[in-house]
Amino acid sequence: MTTDVGLQKVKEVLKTGSEPHLMTGDQYKESLRDGRRVIDSKGQPVEDVTSHPQLARAVDNIAALFDMQFEPDTRDAFTYLDPADGERYAIGWQIPTEKEHLRRKLEALRLSTLKTFGIFGRPPDYGSMMALGFLAVNDKIERENPEFAQNVRDFIKLSRAHNLMSTDLIPDVQADRRIPASEKPGRLRAVEERPDGIVLYGAKPCGSIGSISHFFTLSTALSPGLDEAACLWGVLPANIEGLTLVLREPVTDPNAEWEDHPLDSRGEEIDNLLLFDNVFLPREYLVSFKNKELLGLYHESGVVGFWHILARLAVRAEIFVGVAQTIVDVLGTGRIPSVRDSVSEIIKYAAILKAGIIAAVEQAEVWNGVTVPNLEYVTPVRLYSIEQYPRIMHLLRDLCGQGMVSRWPKALWEHPEIGKKLDEFMPGTGVTAREKNRVFNLVWDLACSSHAARVAMFENTNATPRAFVSEELYQHYDREAACRLIRDYLDINPERVVI
Ligand SMILES: Cc1cc2nc3c(=O)[nH]c(=O)nc-3n(C[C@H](O)[C@H](O)[C@H](O)COP(=O)(O)OP(=O)(O)OC[C@H]3O[C@@H](n4cnc5c(N)ncnc54)[C@H](O)[C@@H]3O)c2cc1C
């Protein structure tokens with residue numbers, strides 16, 4: 001890959017550190033000061049994403065994950081030494097050629113999820129997922145154009161060398177569904193072709209965390225019916241000229257204190273609308289162009305990403321178990337059978353998700369040299385995880401009873417008269433009243449607040465909603481042997497008529 005569009009700042013920053021292919025948190029922050037154009041939800045330009053109130057806390061959270069690449073206890077989980085050159089790289093960008101590589105990615109994911117409570121669906125270790133998905137379907141890309149297949153391999157190499165963080169851009173912006181996909185005004189499309197690249201115009205929605213990432217992986221795998229100029233797969237630097245990132249309204253208070261909001265105070269994953277105003281995308285960043293055969297290839301190209309999404313939720317589910325038991329413990333409700341039943345239901349959720357992840361790795365398949373988790377486990381368990389999520393949130397709230405509204409901010413605990421009464425009247429089981437209050441504050445942020453609603457929307461929708469996943473399951477789950485068994489047993493026509 002000869003282009004260095006979008007990479008100058010990262011390269012500069014990497015030269016200042018002790019590891020040529022890894023950034024510390026501070027280096028990551030510096031790398032974001034790269035001239036990207038971001039407009040906040042009040043319409044104001046964001047001069048520096050690392051200090052803007054809507055983004056600063058999220059940047060700090062992600063920076064802490066970059067730092068974990070250097071900390072003695074976590075370095076070996078977040079990075080690996082490549083025996084080929086003896087250099088250390090981020091684990092996310094290791095191409096999984098064997099199951100053990102997937103297991104190692106899981107360990108990094110587990111640590112990053114425990115660190116952030118999983119409220120960031122696109123942490124740095126997620127960044128490689130879509131590019132690895134491109135690689136997993138590289139035979140199809142190669143059939144279109146071997147140059148593009150090489151671009152996929154080169155982007156993974158380049159990202160690995162520069163410790164890049166990237167995020168996905170897949171659906172199109174919502175617009176009147178009566179307009180054919182090929183005529184939708186906002187669809188991202190090439191308006192000019194040059195020998196060295198294409199010029200893009202239009203929009204893409206939802207790029208979660210994009211304003212504090214380095215690159216986007218872009219595809220039209222969810223968009224049947226597009227015209228050729230809009231059939232686009234590729235990678236896109238966040239600071240590319242002509243691109244504007246527009247931040248949605250925040251759902252956390254940038255001044256929230258940790259005691260009052262143990263999760264919200266650590267920031268949120270802001271979703272971004274991307275506006276393309278004649279963006280020149282170098283040809284080296286193209287992965288597919290004008291290829292209608294790749295439209296709809298979501299199930300296959302998303303294979304590694306879906307697994308990451310489910311695995312993060314599996315770790316969150318373990319957290320939910322811990323939260324549920326803590327609520328029960330501090331309220332002293334553990335002897336009530338229906339309370340125990342609710343906790344058991346959350347444990348069941350966590351165990352099923354974990355089992356699905358382990359099975360998907362144990363029965364992994366190799367596609368184009370990439371060991372990919374088995375979708376026969378990932379898809380149904382992901383469907384289950386989405387369906388049950390609202391129920392789990394309900395159970396957490398239900399276990400709290402009045403606790404969700406009898407929560408008092410720090411200012412009241414420190415009020416000379418009110419604070420004393422709160423302390424006196426509401427002691428917890430084995431904890432003080434104020435400690436019990438902190439548990440409810442956590443549950444509020446996890447299951448009740450606007451932020452909780454955004455995260456729930458993310459879990460439900462970020463990799464397509466329930467109905468879509470259910471349809472994928474119907475289309476792709478192999479049940480031929482089971483059907484044959486039934487037909488043989490009943491001695492009916494062994495050939496299915498598939499409608
Ligand atoms: C919080 C959040 C974060 C996200 N982050 C990202 C991201 O980082 N990167 C990214 O690429 N995308 C992201 N997404 C977008 C997500 O992939 C899409 O929202 C999802 O694929 C649904 O597409 P849509 O929003 O265009 O829904 P629409 O097509 O407008 O459909 C609206 C609703 O109608 C129903 N529906 C529509 N079509 C079908 C169908 N064929 N089968 C069944 N039901 C259907 C569903 O209920 C659907 O939710 C995010 C979404 C949310 C909510």
Side-chain angles (χ1 to χ4, degrees), residues 41 58 62 118-131 133-134 165-181 184 186-188 202-226 230 232-236 238 245-252 268-274 276 287 295-299 301-302 304-306 308-309 312-313 316 379 382-383 386-387 389-390 393 449-476:
S41 59
I62 300 296
I119 51 173
F120 292 83
R122 306 275 185 256
D125 58 277
Y126 177 87
S128 58
M129 295 294 142
M130 190 52 64
F134 290 168
M165 175 166 159
S166 65
T167 183
D168 305 341
L169 279 183
I170 305 177
D172 296 306
V173 286
Q174 286 174 322
D176 186 343
R177 287 182 98 94
R178 291 168 304 178
I179 305 173
K184 289 234 163 86
R187 75 196 189 286
L188 183 65
K204 276 283 196 187
C206 294
S208 302
I209 222 167
S211 48
I212 59 170
S213 288
H214 303 113
F215 266 71
F216 293 92
T217 35
L218 164 82
S219 94
T220 39
L222 270 173
S223 308
L226 284 175
L232 279 168
W233 289 33
V235 300
L236 175 85
L245 303 165
V246 184
L247 308 185
R248 68 157 163 75
E249 187 184 31
V251 290
T252 54
E268 62 181 282
E269 183 172 72
I270 288 266
D271 310 289
N272 310 255
L273 169 69
L274 282 79
F276 295 73
V287 166
L295 292 179
L297 201 72
Y298 185 62
H299 184 75
S301 63
V304 204
F306 300 150
H308 187 287
I309 288 162
R312 181 185 44 78
L313 197 43
R316 290 195 74 208
T379 311
R382 202 160 68 82
L383 180 59
I386 293 173
E387 286 172 342
Y389 189 90
M393 292 300 108
S449 67
S450 314
H451 189 199
R454 184 269 165 195
V455 173
M457 279 303 301
F458 182 88
E459 302 298 8
N460 182 63
T461 317
N462 85 92
T464 70
R466 195 212 80 86
F468 200 98
V469 183
S470 175
E471 175 63 21
E472 280 189 341
L473 188 58
Y474 186 87
Q475 282 187 22
H476 297 282

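Remember, predicted model here, so these are calculated numbers, not experimental data. Along the sequence shown, residues carry numbers from 1. Indexing begins at 1, ligand by ligand and atom by atom, following the structure's order.
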Can you name the atoms of ligand 1, numbered from 1 with element, that are less than 4.0 Å from a heavy atom of [X]?
X      : answer
Gln174 : 25 (O), 27 (O), 28 (P), 30 (O)
Thr464 : 21 (O)
Ile170 : 10 (C), 11 (O)
Leu169 : 11 (O)

### Query
Hey, mind stepping through Arg248 and Glu268 against salt bridge (charged side-chain N to carboxylate O under 4.0 Å, His left out) and telling me if it holds?
CA-CA 11 Å; Arg248 68 157 163 75; Glu268 62 181 282; 2.7 Å; yes
[atom] - nearest protein heavy atom and its distance:
atom                    : answer
atom 40 (C) of ligand 1 : Phe468 CD1, 4.1 Å
atom 48 (C) of ligand 1 : Pro465 CG, 3.7 Å
atom 23 (O) of ligand 1 : Pro171 CB, 4.5 Å
atom 14 (N) of ligand 1 : Cys206 CB, 3.5 Å
atom 44 (N) of ligand 1 : Ala467 CB, 3.7 Å
atom 19 (O) of ligand 1 : Thr461 CG2, 3.2 Å

Tell me whether [atom] lies less than 4.0 Å from at least one protein heavy-atom position.
atom                    : result
atom 33 (C) of ligand 1 : no
atom 36 (N) of ligand 1 : no
atom 5 (N) of ligand 1  : yes

Show the nearest heavy-atom pair for residues [X] and [Y], with the distance to one decimal.
X      : Y      : answer
Leu295 : Ser223 : CD2-O, 3.4 Å
Ile170 : Lys204 : O-NZ, 2.6 Å
Val173 : Ala203 : CG1-CB, 3.9 Å
Thr464 : Ile386 : O-CD1, 4.1 Å
Thr167 : Gly210 : CG2-CA, 3.7 Å
Thr379 : His299 : OG1-CE1, 3.7 Å

### Message
Just to verify, which of Asp168, Asp271, Asn272 counts as forming a side-chain hydrogen bond (donor to acceptor under 3.5 Å, both in side chains) with Ser208?
### Response
Asp271
### Task
Tell me which part of Ser208 gets within contact of ligand 1: side chain, backbone, both or neither, using heavy atoms under 4.0 Å.
both
### Intermediate values then yes/no, ring-ring contact (aromatic ring centres under 6.0 Å, His included), Phe306 and Tyr298
CA-CA 10 Å; Phe306 300 150; Tyr298 185 62; 5.1 Å; yes
### Query
To which of Leu222, Asp271, Asp172, Asp168 does the heavy atom nearest atom 10 (C) of ligand 1 belong?
Asp168
### Message
Judged on heavy-atom distance to atom 17 (O) of ligand 1, which of Asn460, Val469, Asn462 sits nearest?
### Response
Asn462
### Task
Determine whether any heavy atom of Arg177 lies closer than 4.0 Å to an atom of ligand 1.
yes
### Query
Any donor-acceptor pair under 3.5 Å linking the side chain of His214 with the backbone of Met165?
yes
## Note on the structure
Output for pair (Trp233 CH2, Met130 CE), nearest 0.5 Å, gives 8.0 Å
### Task
Drop me the distance from Arg187's CZ to Asp172's CG, to the nearest 0.5 angstrom.
9.5 Å
### Task
Please say whether Arg122 places an N or O atom under 3.5 Å from an N or O atom belonging to ligand 1.
yes
### Message
Does any N or O of ligand 1 fall below 3.5 Å from an N or O anywhere on Gly207, backbone included?
### Response
no
